[in-house]
2 protein chains.
Amino acid sequence: MGKQMTEMLKGTLEGIVLALLTGKAAYGYEITTQLREQGFTEIAEGTVYALLVRIEQKGLVDVEKRPSEKGPPRKVYTLNTQGEKELNEFWNTWSFLSGRIEELRKEGK
Amino acid sequence: MGKQMTEMLKGTLEGIVLALLTGKAAYGYEITTQLREQGFTEIAEGTVYALLVRIEQKGLVDVEKRPSEKGPPRKVYTLNTQGEKELNEFWNTWSFLSGRIEELRKEGK
DNA sequence: TACCGGTACCTAGTTCTACTATGTAGTGGT
DNA sequence: ACCACTACATAGTAGAACTAGGTACCGGTA
């Protein structure tokens, strides 16, 4: 993946995944697939799993294990109240940053 | 500073500084001040200087030392051709990422 | 039976960037 | 002599994404 994109994803990928979980539970492999479909074609699987471990430890999601028809059991993640709060803060932070940056772009800077 | 903002700045702060340098050379202390004026009130001075060292080593800027009326001599940074190229890539990467994220926001996700 | 592709999860070690905390210097004013 | 402001510098820390593997379960096929 481009080095720029890698660095830019720091701090945003977590928000992206939380947003994906809004209103719809999902498991790791599924999230990876969704990210790929949405254009993030080169996000490594390991990156997603590490992130999921992190947000689980931070208490932003609830986890349930469900047997799969094919392959090992899935770990299904659901956004909880604290996760929604975190996602809200993410949108605030994002709005501020993207506002500033778009300003710079407009100024031809 | 918020932890979220800190992480989100990784990968974007460099682009922001390159954008600030477009069409107008500047020195470190000045850049720090400009960032503060534009709302990034809590960006540490040391962060800016470290970043400037990095982009100089990457060859994105030209540097000239100029005596100051007050205080030690200034190191004035000017965006060069390679820097403009890098900034261009930054805008591309940013456009893609912000496009995806705005899409997620619209979906109420 | 043996193998392979697809599904699904996991982790140790590396790299990069921003922050913390502190230090050094030059100038002008009291 | 001291202080405030200007101006630059850096060693050490933390956090997040990547690399590069590995484990495990299932179905189909040779």
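Here is how names work: the chains are called A, B, and so on, in the same order as the sequence lines, proteins then strands, and each is numbered from 1. Values below: every heavy atom of this structure, side chains too, minus hydrogens, waters and symmetry copies.
Ionic pairing of A/Glu56 and A/Lys75 is present here: one or more N-O contacts between side-chain nitrogen and carboxylate oxygen are shorter than 4.0 angstrom. The pair A/Glu30-A/Lys24 meets the salt-bridge criterion, with a side-chain N (NZ, NE, NH1 or NH2) lying under 4.0 Å from an Asp/Glu carboxylate O. A/Lys3 has no carboxylate O lying under 4.0 Å from a charged side-chain N of B/Glu89, or vice versa, which leaves the two without a salt bridge.
Of the side-chain N and O atoms in B/Tyr29, none sit less than 4.0 angstrom from OP1 or OP2 of D/dC8.
A/Phe96 and B/Phe40 have their aromatic ring centers within a separation under 6.0 angstrom.
A/Lys3 has its NZ atom 13 Å from the C1' atom of D/dC18, to the nearest Å. Between the CD1 atom of A/Ile43 and the P atom of D/dT19 there is a distance of 11 Å, given to the nearest Å. With rounding to whole Å, B/Leu35 atom CG is found 15 Å from D/dA7 atom P. Rounded to whole angstrom, the span from the CD atom of A/Glu69 across to the C1' atom of D/dA24 amounts to 16 Å.
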Go through it in stages, so that I can follow the logic: the residues are B/Ser95 and A/Arg105, the test is side chain to side chain donor-acceptor pair (under 3.5 Å), and I'd like the CA-CA distance, side-chain angles, deciding distance and then a yes or no.
CA-CA 11 Å; B/Ser95 297; A/Arg105 175 141 64 173; 3.0 Å; yes

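Between the side chains of B/Gln4 and A/Thr93, at least one donor N or O sits under 3.5 Å from an acceptor N or O.
Scanning DNA chain C 5' to 3' for nucleotides with an atom closer than 4.0 angstrom to a non-hydrogen atom of chain A gives a first and last hit of C/dT7 to C/dT17.
Across residues 72-81 of chain A, A/Pro72, A/Pro73, A/Arg74, A/Lys75 each have a non-hydrogen atom less than 4.0 Å from an atom of DNA chain C (numbered order). If you check residues 45-66 of chain B against DNA chain D, the residues with a heavy atom closer than 4.0 Å are B/Glu45, B/Gly46, B/Tyr49, listed by number. Less than 4.0 Å separates DNA chain C from at least one heavy atom of each of the following residues of residues 6-17 of chain A: A/Glu7, A/Lys10.
Under the rule for a side chain to side chain donor-acceptor pair (under 3.5 Å), A/Glu103 has no partner lying at least two apart in sequence or in another chain.
Rounded to 10 degrees, the angle separating the terminal axes of the helix from C/dT1-D/dA30 to C/dT30-D/dA1 is 20°, with each axis obtained from five end pairs.
Between A/Leu60 atom CG and A/Glu14 atom CD the span is 6.0 Å, to the nearest 0.5 Å.
The local environment of NZ in A/Lys58 is crowded, with over 12 non-hydrogen atoms from other residues, nucleotides or ligands closer than 6.0 Å.
Looking at every heavy atom in both residues, B/Leu79 comes nearest to B/Leu18 through CD1-CD2, 3.6 Å.
Aromatic ring orientation, A/Trp94 versus B/Trp94: parallel (interplanar angle below 30°, classes split at 30° and 60°).
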